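Presented below is the structure to which this report refers.
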Protein chains: 2
Amino acid sequence: MKLGEGVEAAIHCAATLASVEGNSTMPGAALAESFGLSPSYLLKHLNMLTAARILESVPGPAGGYRLARAAERITLLDIVLAIEGREPAFRCGEIRRNGPVKIDASAYVKPCGINAAMLRAERAYRAALAEVKLSEIVAEYAAEGDPRSRAASCAFVERHQRRQKSGSTDQT
Amino acid sequence: MKLGEGVEAAIHCAATLASVEGNSTMPGAALAESFGLSPSYLLKHLNMLTAARILESVPGPAGGYRLARAAERITLLDIVLAIEGREPAFRCGEIRRNGPVKIDASAYVKPCGINAAMLRAERAYRAALAEVKLSEIVAEYAAEGDPRSRAASCAFVERHQRRQKSGSTDQT
DNA sequence: TTATCGTGGATAATTTTTATCTGCAATATG
DNA sequence: CATATTGCAGATAAAAATTATCCACGATAA
């Protein structure tokens, strides 16, 4: 069981974007630089966040990304599912059926108990992630993060955020 | 997030081995045939289960695998960890540090909140798996599985299990 | 008009997973 | 004791997923 690197990047980017003011945006290149990631690859992940309506993108100079809704309404689960996909980690291949003795398919209509147990565990995992709001992550960092690191983050945001002439102010 | 195919195979094999009598064993080749899996690859997984002390192996003709302890004392978590490894799915790469602005390492002594939240979710996942005993999986199948499928499984076990002359009867 | 930015597709490099094969040690059986 | 059967370890290879790069395109602020 393994989560792709993209998840960590996506969460950090979302957390950073939670700190930009109003409807300002931040370019993907700046986010990539901020974390020392390859820009072209990070854009793929940012695209997935956009497709999942977690981020909004604005083209053009002064364009970039911003949160599509308030950080209180974004959970870690939203982000993880957007990057890793919604399929469960355990996929029942129904290997019971692959034996030498062929049995009618009607014998396998009930879902196998193993599958059920694995999916239950995964629901617990997702439930735990769904309880963590992006705003909490940011708040915790603001409260307990090292001052030097925090100052650097703030400066970075200040330097790269771009105010919008007119944008959707739908911080619903 | 993805679990390897080996997990499903391993659980099914363990469940099958839970049905062999006493200290009898069943060869890996038979287990592979029973699920239509490649024998040489399945052996890798069975080896991991053996290394994790979930299975015991007996060499020689009449040899094979058996549970290393009672099915009541084996959980799905035991098996998943044996196959997938004990490392958490989320690994914090500390990408905060990789930005253009270098900050002293002492600024990052506190574990990042994102990491903490992800690990908490994974603990919930593992806790859920730890609650499911192999014996429950087997019992549920015996109680609710399709009779035809069950009969085939029983016949298969009966045909391939091999009684041991003398073996550890440590079904602790 | 120009420079900046996101988008999408094609492509490639890298790593992980899955799979196979071979020689070796252990051990019931006769 | 010889033989056949089994598990084990290591090398190797095939396949798939992940990670990464590049380029042509449309949008837009200045």
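To find a chain, count down the sequence lines: A is the first, B the second, and so on, and within it residues start at 1. Please read these numbers as outputs of a predicted model, since none were measured by experiment.
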Checklist entry - Using a cut-off of 4.0 Å between protein heavy atoms and nucleotide atoms, how would you tag nucleotides 15-25 of chain D 5' to 3' with B, S and -? => result --S-BBB----
Next on the checklist: Measure OH/Tyr65(A) against C1'/dT7(C) and give the value in whole Å, please.
Outcome noted: 8 Å
Next on the checklist: Of the listed nucleotides (dA9(D), dA29(D), dG6(C)), which one gets closest to any side-chain atom of Ser57(A)?
Outcome noted: dG6(C)
Next on the checklist: Categorize Arg163(B) for me: base, sugar-phosphate, or nothing, with a 4.0 angstrom heavy-atom threshold over every strand shown.
Outcome noted: nothing
Checklist entry - Rounded to the nearest Å, what distance is computed from the CG atom of residue Leu55(A) to the P atom of nucleotide dC5(C)? => result 17 Å
Next on the checklist: Applying a 4.0 Å non-hydrogen cut-off, can you work out what Leu43(B) is touching in the nucleic acid: base, sugar-phosphate, or nothing?
Outcome noted: nothing
Checklist entry - For Phe90(A) and Ile114(A), which heavy atoms make the closest approach, and how far apart are they? => result CZ-CG2, 4.1 Å
Next on the checklist: When you compare the side chain of Asn115(B) with that of Cys112(B), does any pair of heavy atoms fall below 4.5 Å?
Outcome noted: yes
Item to check | Donor-acceptor under 3.5 Å (Arg162(A) side chain, Ser24(A) main chain) | outcome: no
Item to check | From dA29(D), dG6(C), dC8(D), nucleotide with atom closest to Thr50(B) side chain | outcome: dC8(D)
Next on the checklist: Under a plain distance cut-off of 3.5 Å, with no hydrogens placed, do Thr75(A) and Asp78(A) share a side-chain donor-acceptor pair?
Outcome noted: yes
Checklist entry - Do you see a donor-acceptor pair shorter than 3.5 Å between the side chains of Ser106(A) and Arg148(B)? => result yes
Next on the checklist: Is Arg162(A) close enough to dC5(C) that one of its side-chain N or O atoms is under 4.0 Å from OP1 or OP2 there?
Outcome noted: yes
Next on the checklist: Can you give me the bend angle of the helix from dT1(C)-dA30(D) to dG30(C)-dC1(D)? Use the axis through the first five pairs and the one through the last five, nearest 10 degrees.
Outcome noted: 10°
